[in-house]
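Worksheet: the structure to be examined is printed underneath.
Note that ligands are numbered from 1 as they come in the structure, with each ligand's atoms numbered from 1 the same way.
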Amino acid sequence: METILSGMRPTGDLHLGNYYGALLNFVKLQEKYDCYFFIADFHLLTTHPNPADLNNNVRKILAQYLACGLDPDKSTIYVQSSVPEVAELYMYLNMITYVGELERTTAFKEKIRQNPNNINAGLLTYPSLMAADILLHRANKVPVGKDQQQHLEITRDIAERFNRMYKQDYFPLPQAFNFERELVKIPSLDGNGKMSKSYGEQATIYLTDDTSVLKKKIMKAKTDEGPQSPNSQKSVEIENLFSLMRLVSKQEIVQQFEDSYNDCSIRYGDMKKQLLQDMDLFLAPLREKIKELSSNETYLNKIIHIGAEKARESAKKTIREVREIIGFKI
Ligand code: ADP
Ligand code: TRP
């Protein structure tokens, strides 16, 4: 069976984009593949988080993963830092990774532009840590967004170099996983591109948003002056509202608003109220589940422990074999 692996840095609560663009797909994948899903807390150290925040964020994201349907009985769900073998593989891989290829990555260039005062070696070697994550379980497929494709290419280059250098066909060359459907892109509430935690809190719907927070965000969503003639094309802002509505509202409700847009009788205030009601109904059970799981420290610890055991079993095997291949015989 093919192995799938994906990781997410614990940078904050999950939003609708993460849910539809990543988690929902992960939930489906776990039925068909040997899946590893992990929380990339080592990666987060490049930004020097304080210890309490780091720990809280890891648990928060874990509770949200579980609430979305990741199932520890079907997949290996783990925290990166509870599998120290990844650090050993990272060190070996760094020996065959060239500074030049790391310096050329777009993400690194972007980071040094944003934070010229914190250009640490961890930032430079971010791709080799990611390669270690992937190769540690000899994963075949990695579901990643566009921004991570370059990192995956570096992983393939490193794996190929290792195989060539040691004349072994040891690491599979991991491929980007493409979902059957086209990648979904969840739009933001302000008419500006995709929903993302980096572009404005108020335009991003988090799975944990309660009714009053949702109300504020949805009622403030950008609209336009209304359709000027029958069957006119929608502005980006209005198309975004319809896209969000299609996610959570019944088809006949969406159709009703499509019709009223087309005959120019639409009232955006009514549409927003409907969207709010349906979004709230959709999020309520997830919100409850997240709350319940987040407060169950014992359960979360158990899940972290089970995940670490499962992930370390696979990690230890790889490390044992890699050490042997490299020439460490003890
Ligand atoms: P953010 O943009 O909020 O920082 P991340 O980059 O951490 O989100 O995204 C984690 C995962 O969620 C990635 O797999 C990404 O493809 C997916 N994702 C994030 N935002 C969206 C979106 N608006 N639509 C679809 N998928 C998304
Ligand atoms: N770099 C990824 C991101 O920021 C997270 C990540 C770390 C990852 N290691 C990985 C993703 C391995 C896939 C595979 O989104």
Nearest-0.5 Å distance, CG of residue Leu66 to CD1 of residue Ile77: 5.5 Å
Protein residue, atom and distance nearest to atom 2 (C) of ligand 2, heavy-atom basis: Gln148 OE1, 3.4 Å
Val142 contact mode with ligand 2 (heavy-atom cut-off under 4.0 Å): side chain
Heavy atoms from other residues, nucleotides or ligands near CD of Glu31 exceed 12 (cutoff 6.0 Å): yes
Aromatic ring proximity, centroids under 6.0 angstrom, Tyr166 and Phe162: yes
Protein residue, atom and distance nearest to atom 5 (C) of ligand 2, heavy-atom basis: Gly7 O, 3.4 Å
Donor + acceptor pair across side chains of Asn94, Thr125 (<3.5 Å): no
Shortest protein heavy-atom distance from atom 14 (C) of ligand 2, along with the residue and atom involved: Leu5 CD2, 3.6 Å
Nearest-neighbour protein heavy atom for atom 25 (C) of ligand 1, which is reported as residue plus atom name and distance: Val184 O, 3.2 Å
Pick from Gly17, Ser198, Ala22, Ser188: the one approaching atom 21 (C) of ligand 1 most closely through a non-hydrogen atom: Gly17
Side-chain donor-acceptor pair present, Gln80, Asp133, cut-off under 3.5 Å: yes
Between Glu237 and Thr223, a side-chain donor and acceptor under 3.5 Å: no
Any donor-acceptor N or O pair under 3.5 Å, side chains His137, Thr3: no
Test of ring centre spacing under 6.0 Å for His43 and Phe38: no
Per-atom contacts of ligand 2 with Tyr126, taking only distances under 4.0 Å to non-hydrogen atoms: 1 (N), 2 (C), 3 (C), 4 (O)
Heavy atom of the protein closest to atom 2 (O) of ligand 1 (residue, atom name, distance): Ser196 OG, 2.8 Å
Glu321: partners by side chain to side chain contact (heavy atoms under 4.5 Å, CB included), with sequence neighbours left out: Arg138, Tyr170, Lys317
Identity of the nearest option to atom 7 (C) of ligand 2, non-hydrogen atoms only, from His137, His151, His43: His43
Closest protein heavy atom to atom 10 (C) of ligand 2, given as residue, atom name and distance to 0.1 Å: Met130 CG, 3.4 Å
Geometric N/O contact Ser6 with ligand 2, under 3.5 angstrom: no
Closest protein heavy atom (residue, atom, distance) for atom 6 (O) of ligand 1: Asp147 OD2, 4.4 Å
Proximal ligand 1 atoms for His15, defined as those under 4.0 Å from one of its heavy atoms: 1 (P), 3 (O), 8 (O), 19 (C), 20 (N)
Any N/O pair Lys185/ligand 1 closer than 3.5 Å: no
Close side-chain approach of Phe171 and Ile158, heavy atoms under 4.5 Å: no
Proximity to ligand 1 by part of Arg9, non-hydrogen separation under 4.0 Å: neither
Distance-only polar pair, side chains of Gln114 and Glu110, donor-acceptor under 3.5 Å: yes
Any N or O of Thr11 closer than 3.5 Å to N or O of ligand 1: no
Side-chain donor-acceptor pair present, Asp259, Gln255, cut-off under 3.5 Å: yes
Sub-4.0 Å protein heavy atom next to atom 15 (C) of ligand 1: no
Lys234 NZ/CZ over Phe242 ring centroid, <6.0 Å and within 45° of normal: yes
Distance filter under 4.0 Å to Met195 heavy atoms, resulting ligand 1 atoms: 20 (N), 21 (C), 22 (C), 23 (N)
Protein contact to atom 9 (N) of ligand 2 [nearest heavy atom, distance to 0.1 Å]: Asp133 OD2, 2.8 Å
Phe37 contact mode with ligand 2 (heavy-atom cut-off under 4.0 Å): neither
Val144, Leu24, Asn18, Ile186: member with heavy atom nearest to atom 11 (C) of ligand 1: Asn18
Under 4.0 Å to a heavy atom of Lys197 - the qualifying atoms of ligand 1, by number: 1 (P), 3 (O), 4 (O), 5 (P), 7 (O), 8 (O)
